[in-house]
Amino acid sequence: MLSMSRSSGHRPFVAVSGGVDSLLALCLLREEGRSPEALHGFFLPPGEREITLRDELASVCSRLGIPLHTYDFSREFHSRVITPFLEQYARGVTPNPCALCNRRIKFGLLLDAARELGGDALATGHYARVTPEPALYRGLDPAKEQSYFLALLTREQIAQAIFPLGTWRKEEAKKALHDRVGPPPASGESQEVCFIPDNDYRRFVREHVEVLPGPGPILDSSGRRLGEHSGLYRYTLGQRRGLGIPYSEPLYVLKKDLENNTLIVGTRDELGARECTVREMNYLLRPQDWPETVFVQGNYRQEPREAVAYLSGDRAEVRFPRPAQPPTPGQVMALYNEDGRVLGGGIISE
RNA sequence: UGGGGUGUAGCCAAGUGGUAAGGCAACGGGUUUUGGUCCCGUGAUUCGGGGGUUCAAAUCCUCCCACCCCAG
């Protein structure tokens, strides 16, 4: 049976961001009779904004009678999340910093911190479920479920994870937190890339990467020149907006030819893909135990697609019965069984 | 400077007397702990320019301009 949290974790630590979900996770654990403590890490160099948030968090924790431990992980966050993010864009692939952050920072550094404090588990406010096996499952709220972003967590990390909100619905969570502690310190925050305040990743990349490939041709699938692109890092597979090409119908990015600095575009019916390669496979279930048919997601909130996965070490070949939106290189591919269990995940290869 | 054709928003384009469709692009918003996708919304007091006919013209007449094609 699925339980909302693991039997271990008598002394759980909770990674609190200041938002609704992590604070509610904290409250719920305590209501279970455990003695949770809160961890808060700065991911960005602590400025006025970060300090204010920390102080408000401290105030909330104090009211709840829960210890709060604060860490400055801004340097590590930069080297382990932001730098790879920039490198990937510069290379022409499309990174997923949140998935990386979950693996390297939240269930990396914050989990380490918890263990150093004598803890044996880390809870977060993710909408996903874990079982003692350990196994990772989708959260119950289909509108909010976040297992996709956790697909790169190792079995060891999952074994120490607690997701108290896995069976919750977002609306209920908001109300529940409000009833317990009132509005959270970080209410109404935007949900985009946390280290790009204005959410303009193109500008961010341009300002942080010294040498970027410049403009080049935009061709259709038959080689006809339709226009000029302003740097391949500004486009991603399947992208429609920003091409600036008047045509009889919408055009989408079919391919990024990095060798020739060329963007290949085409109509929607040219967009389908039947297979893709996933590298850096992370197995949450032994390959020999996988079912014939799996369900894969190449991005958050994508309808899971039926597929067959051919596993081979750290690589997987994924084939789709019918063509659909092309998997984007650099993005996380999460693979599930029909019950919503995460079998594994990896990075879509170029 | 003989003949023919075309000229409607950034691009394509419907409309041939009754008071400017549509598509693409662009922009704005919504959805969203990544990028993208998707959804919604926004455009021409005006139809290359002037004059005329008419109650009424992008649609008819006329002159001019621009571009294209065929002839020299």
Side-chain angles (χ1 to χ4, degrees), chain A residues 15-22 43 77 81-82 84-86 88-106 124-128 139 141-152 163 165 170 173 184 186-197 199-205 218 220 226-256 263 265-268 271-273 297-303 305 324-334 345 347-348 350:
Chain A
V16 292
S17 64
V20 167
D21 300 328
S22 53
F43 294 171
F77 184 79
V81 177
I82 298 180
F85 172 89
L86 293 169
Q88 297 240 285
Y89 266 121
R91 276 179 47 219
V93 300
T94 308
N96 186 331
C98 294
L100 210 53
C101 174
N102 284 331
R103 176 174 180 147
R104 294 183 172 175
I105 306 296
K106 290 181 185 153
T124 67
H126 285 104
Y127 288 76
D141 182 351
K144 203 46 198 176
E145 91 84 14
Q146 293 169 318
S147 61
Y148 173 80
F149 290 106
L150 301 167
L152 299 184
F163 301 127
L165 300 194
K170 178 68 181 186
S187 65
E189 287 301 292
S190 111
Q191 324 253 19
E192 276 80 24
V193 189
C194 70
F195 52 88
I196 305 180
N199 202 38
D200 184 349
Y201 87 86
R202 289 169 245 264
R203 187 183 57 73
F204 187 81
V205 170
I218 300 179
D220 69 12
L226 297 182
E228 182 174 83
H229 73 252
S230 45
L232 286 185
Y233 71 96
R234 302 170 59 85
Y235 307 86
T236 193
L237 228 59
Q239 178 173 332
R240 168 182 175 175
R241 298 191 68 183
L243 294 176
I245 302 170
Y247 203 70
S248 55
E249 54 191 302
L251 295 172
Y252 300 83
V253 173
L254 255 40
K255 187 184 173 200
K256 293 168 75 171
L263 201 61
V265 302
T267 57
R268 190 173 185 77
L271 198 54
Q297 264 176 257
N299 74 13
Y300 183 50
R301 302 184 72 77
Q302 178 181 68
E303 194 66 26
R305 288 159 58 184
Q325 294 277 310
T328 303
Q331 291 286 287
V332 169
M333 179 71 90
I347 307 297
I348 296 164
E350 38 226 278

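For clarity, every value in this text was computed on a predicted model and none was experimentally measured.
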*Nearest-Å distance, OH (A:Tyr148) to P (B:rG36)?*
14 Å
*Under 3.5 Å for both distances, Watson-Crick or G-U wobble, that's the pair rule; now give the dot-bracket for RNA chain B, with | marking pairs to another strand and [ ] for crossing ones.*
.(((((((.[[[..)..(...]]].(((((.......))))).....[[[[[..)....]]]]]))))))..
_By nearest atom, which of the nucleotides B:rC27, B:rC24, B:rU34 is closest to the A:Arg241 side chain?_
B:rC27
_Of the options B:rG36, B:rG35, B:rA25, whose atoms approach the side-chain atoms of A:Arg240 most closely?_
B:rA25
*Selection from B:rC24, B:rG35, B:rU32 that lies nearest to any side-chain heavy atom of A:Tyr300*: B:rU32
*Would you find a donor on one side and an acceptor on the other, under 3.5 Å apart, between the side chain of A:Lys106 and the backbone of A:Ala15?*
no
*Rounding to the closest angstrom, what is the interatomic distance between B:rC47 and B:rG52 at atom P?*
15 Å
*Contact class for A:Gly227 (heavy atom, under 4.0 Å): base, sugar-phosphate, or nothing?*
nothing
*asked:* Please classify the nucleic acid contact of A:Asn199 as base, sugar-phosphate, or nothing, using heavy-atom distances under 4.0 Å.
replied: sugar-phosphate
_Among B:rU37, B:rG35, B:rC24, which nucleotide has an atom closest to any side-chain atom of A:Tyr252?_
B:rU37
*Of all the choices, B:rG36, B:rU32, B:rC24, which nucleotide is nearest to the side chain of A:Arg301 once you look at every atom?*
B:rU32
_I want to verify a distance call: between B:rU32, B:rG35, B:rA25, whose nearest atom is closest to the A:Thr328 side chain?_
B:rG35
*Using the P atom on both, measure B:rG49 against B:rG36 and round to a whole Å.*
40 Å
*Name the closest nucleotide to the A:Pro97 side chain, picking from B:rG35, B:rC11, B:rU34.*
B:rU34
